[in-house]
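From a predicted model like this one, the values you see are computed outputs, not experimental measurements.
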Amino acid sequence: MPNPNYTHTITLFHKTIVDKKEVWKASVLSNCFYKCETTVSQNGTDVTKSNTYTVRIPQVSIDVSMDDIIVYGSVNDEIGQGMNATQLLHKYKPDAFRVTSISDNTRYRFGKHIRLGG
């Protein structure tokens, strides 16, 4: 039985290096989990807000690496000559983030997924 919380569509932009150049491949993935929370941090008298992202992908055979980009929803943009990665992130902010953590939870008996954070 599929997880009832896995109802979101995301676009994963996976980066590889070919001939010393970045090559980005976009993949639209459905039936994923997506959550964005605002986190408040205090350091002395300074208070800062930031978004914390969690994505769970119920697939075991997908290429994902640190610094890949996740965009909420299905998008047709490409990272290349017309748009770089930073421009893509700004275009879809706050519904886009760079992957800063990866957890492979595919060895469990139930609920296998890959967890991405940012």
Side-chain angles (χ1 to χ4, degrees):
M1 176 177 188
N3 188 318
N5 295 313
Y6 286 39
T7 59
H8 305 278
T9 298
I10 62 168
T11 304
L12 167 67
F13 289 87
H14 177 63
K15 178 177 74 172
T16 56
I17 305 296
V18 177
D19 296 328
K20 299 181 183 179
K21 293 185 180 183
E22 291 181 356
V23 176
W24 293 86
K25 179 185 175 208
S27 301
V28 176
L29 307 170
S30 57
N31 300 320
C32 296
F33 173 83
Y34 178 94
K35 180 172 82 170
C36 175
E37 292 182 308
T38 301
T39 306
V40 178
S41 302
Q42 185 172 355
N43 183 5
T45 59
D46 294 331
V47 177
T48 58
K49 288 184 181 181
S50 62
N51 290 332
T52 302
Y53 299 89
T54 302
V55 167
R56 290 186 175 91
I57 303 170
Q59 296 177 347
V60 292
S61 60
I62 188 163
D63 290 329
V64 63
S65 304
M66 299 292 275
D67 290 326
D68 283 357
I69 295 174
I70 300 290
V71 177
Y72 182 69
S74 174
V75 300
N76 294 322
D77 292 307
E78 295 181 9
I79 299 174
Q81 291 183 350
M83 178 183 295
N84 65 33
T86 301
Q87 291 168 326
L88 180 94
L89 285 166
H90 283 292
K91 179 177 180 178
Y92 290 101
K93 187 178 181 178
D95 293 323
F97 69 96
R98 283 193 190 268
V99 175
T100 58
S101 66
I102 302 171
S103 179
D104 183 354
N105 298 314
T106 59
R107 8 177 232 285
Y108 300 109
R109 188 171 178 188
F110 300 106
K112 296 179 182 202
H113 66 278
I114 296 171
R115 182 193 176 281
L116 309 176

What's the spacing between [X] [atom1] and [Y] [atom2] if we round to 0.5 Å?
X    : Y    : atom1 : atom2 : result
L88  : F13  : CG    : CZ    : 4.5 Å
F97  : D68  : CZ    : CG    : 10.0 Å
L89  : D95  : CG    : CG    : 11.5 Å
I114 : T106 : CD1   : OG1   : 6.0 Å
K35  : R56  : NZ    : CZ    : 7.0 Å
T39  : Y53  : OG1   : OH    : 10.0 Å

Which pair of heavy atoms, one from [X] and one from [Y], lies closest together, and at what distance?
X   : Y   : answer
P4  : T7  : O-CG2, 3.2 Å
P94 : C36 : O-SG, 4.5 Å
K49 : V40 : CG-CG2, 4.0 Å

Indicate, with yes or no, if [Y] and [X] share a hydrophobic cluster defined by side-chain heavy-atom contacts under 4.5 Å among Ile, Leu, Val, Met, Phe, Trp and Tyr.
X    : Y   : value
L116 : Y34 : yes
I62  : M66 : yes
I10  : I69 : no
V99  : V55 : yes

Got a donor-acceptor contact below 3.5 angstrom from the S74 side chain to the T11 backbone?
no
Donor-acceptor pair, side chain of D19 and main chain of K21, under 3.5 angstrom:
no
Name the atoms and distances for all side-chain donor-acceptor pairs under 3.5 Å in residues 22-30, with sequence neighbours left out.
residue : atom : partner : partner atom : Å
E22     : OE1  : W24     : NE1          : 3.2

Contact check, side chains of [X] and [Y], non-hydrogen atoms, under 4.5 Å:
X    : Y    : result
H113 : I57  : no
T38  : N51  : yes
K15  : S65  : no
R115 : S101 : yes

Would you give me the side-chain donor-acceptor pairs under 3.5 Å for residues 75-87, sequence neighbours excluded?
residue : atom : partner : partner atom : Å
D77     : OD1  : K91     : NZ           : 3.2
D77     : OD2  : K91     : NZ           : 3.1
D77     : OD2  : Y92     : OH           : 2.3
N84     : OD1  : T86     : N            : 3.1
N84     : OD1  : Q87     : N            : 2.8
Q87     : OE1  : N84     : N            : 2.8

Who pairs with K20 by side chain to side chain contact (heavy atoms under 4.5 Å, CB included), at least two apart in sequence or on another chain?
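Side chain to side chain contact (heavy atoms under 4.5 Å, CB included) list for K20, sorted by chain: empty.
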Classify the ring geometry between F33 and Y6 as parallel (under 30°), tilted (30 to 60°) or perpendicular (over 60°).
tilted
